[in-house]
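Report on one structure; see the data block that follows.
Note: hydrogens, waters and symmetry copies are ignored here, and every other heavy atom, side chains too, is used.
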Amino acid sequence: MLTLEGALRHLGYDEVDEVITAKVTSELAEASSYLQGSVGDDIFSLLPDDPRIDLLLKAYLDDMHDERGLTSAKAGSAKRDLVHSAEWQLRLTLSRKREEAASV
């Protein structure tokens with residue numbers, strides 16, 4: 001799962017202070033909560049190493065952290081498509097993991 005240090009790197013911070021650390025910590029918690037609500041509460045326990053989790057967390061962080069957005073409507077649409085696709089894929093994968101766990 002994306003760490004605070006990874007989130008800071010992703011957002012382009014070389015140097016941080018307490019304010020930036022607190023802001024990004026809060027945004028990362030919100031992104032994690034949003035992912036759990038979007039995909040499933042057990043996403044982190046059943047799919048701890050799935051790279052799509054970090055992809056989505058970074059996309060959510062970008063949206064929360066930076067109001068500039070993407071300069072191209074086409075790029076924005078492509079990013080939304082990527083996010084929706086990754087969410088659906090994770091929902092399906094999570095559903096299969098739940099079924100496997102229930103049958104054991």
Side-chain angles (χ1 to χ4, degrees):
M1 188 173 115
L2 187 62
T3 64
L4 174 60
E5 292 76 23
L8 289 166
R9 260 192 324 276
H10 172 72
L11 294 171
Y13 288 107
D14 294 328
E15 296 182 25
V16 296
D17 58 20
E18 292 176 8
V19 174
I20 292 171
T21 299
K23 181 177 185 277
V24 174
T25 297
S26 175
E27 291 169 344
L28 185 56
E30 289 174 31
S32 297
S33 179
Y34 185 84
L35 181 60
Q36 286 177 305
S38 173
V39 176
D41 289 335
D42 49 0
I43 184 73
F44 298 117
S45 61
L46 292 180
L47 301 173
D49 299 321
D50 195 305
R52 293 171 293 192
I53 291 173
D54 283 358
L55 178 141
L56 287 172
L57 289 174
K58 288 175 182 177
Y60 299 155
L61 273 176
D62 287 341
D63 286 345
M64 284 186 271
H65 189 78
D66 188 5
E67 295 181 8
R68 291 178 298 168
L70 297 171
T71 57
S72 165
K74 184 176 181 181
S77 177
K79 181 178 177 183
R80 282 191 300 279
D81 289 346
L82 175 70
V83 166
H84 292 301
S85 176
E87 288 171 345
W88 274 108
Q89 290 173 24
L90 282 170
R91 284 185 198 111
L92 292 172
T93 304
L94 194 56
S95 178
R96 286 193 296 269
K97 287 285 186 181
R98 288 178 186 138
E99 289 175 7
E100 290 172 9
S103 68
V104 173

Residues two or more places apart in sequence or in another chain: which of them pass side chain to side chain donor-acceptor pair (under 3.5 Å) with [X]?
{"X": "Ser38", "value": "Glu87, Arg91"}
{"X": "Ser26", "value": "Glu30"}
{"X": "Tyr34", "value": "none"}
{"X": "Thr21", "value": "none"}

Requested in this report: Please name all residues satisfying side chain to side chain contact (heavy atoms under 4.5 Å, CB included) with Asp49, sequence neighbours left out, ordered by chain then number.
Outcome: none
Query raised in the report: So, do Leu35 and Met1 sit near enough that their side-chain heavy atoms are less than 4.5 Å apart?
Result: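 Not in contact.
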Query - Atom pair CG/CG of Leu94 and Asp41 - distance to nearest 0.5 Å - result: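 Interatomic distance, Leu94 CG to Asp41 CG, rounded to 0.5 Å: 9.5 Å.
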Requested in this report: Go through the structure and list residues passing ring pair (Phe, Tyr, Trp, His ring centres under 6.0 Å) with Phe44, not counting sequence neighbours.
Outcome: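 By the ring pair (Phe, Tyr, Trp, His ring centres under 6.0 Å) rule, Phe44 matches no residue at all.
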Query - Transitive ILVMFWY side-chain link Leu82 to Ile43, under 4.5 Å - result: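 Leu82 clusters together with Ile43.
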Query - Partners passing salt bridge (Lys or Arg N to Asp or Glu O under 4.0 Å) against Asp42 (at least two apart in sequence or in another chain) - result: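 Applying salt bridge (Lys or Arg N to Asp or Glu O under 4.0 Å) to Asp42 gives Arg98.
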Query raised in the report: How would you list, by chain and number, every residue that makes a salt bridge (Lys or Arg N to Asp or Glu O under 4.0 Å) with Lys23, sequence neighbours excluded?
Result: Glu27
Which pairs would a plain distance check flag for residues 50-58, meaning a side-chain donor or acceptor within less than 3.5 Å of a matching protein atom at least two apart in sequence or in another chain?
{"unit_1": "Asp50", "atom_1": "OD1", "unit_2": "Arg52", "atom_2": "N", "d": "2.9"}
{"unit_1": "Asp50", "atom_1": "OD1", "unit_2": "Arg52", "atom_2": "NE", "d": "2.9"}
{"unit_1": "Asp50", "atom_1": "OD2", "unit_2": "Arg52", "atom_2": "NE", "d": "3.4"}
{"unit_1": "Asp50", "atom_1": "OD2", "unit_2": "Arg52", "atom_2": "NH2", "d": "2.6"}
{"unit_1": "Arg52", "atom_1": "NH1", "unit_2": "Gln89", "atom_2": "OE1", "d": "3.1"}
{"unit_1": "Arg52", "atom_1": "NH2", "unit_2": "Thr93", "atom_2": "OG1", "d": "3.2"}
{"unit_1": "Asp54", "atom_1": "OD1", "unit_2": "Leu2", "atom_2": "N", "d": "2.8"}

Could you go through residues 7-16 and list every donor-acceptor pair under 3.5 Å that involves a side-chain atom there, pairing it with any protein atom two or more places apart or in another chain?
{"unit_1": "His10", "atom_1": "NE2", "unit_2": "Asp62", "atom_2": "OD1", "d": "2.9"}
{"unit_1": "His10", "atom_1": "NE2", "unit_2": "Asp62", "atom_2": "OD2", "d": "3.4"}
{"unit_1": "Tyr13", "atom_1": "OH", "unit_2": "His65", "atom_2": "NE2", "d": "2.9"}

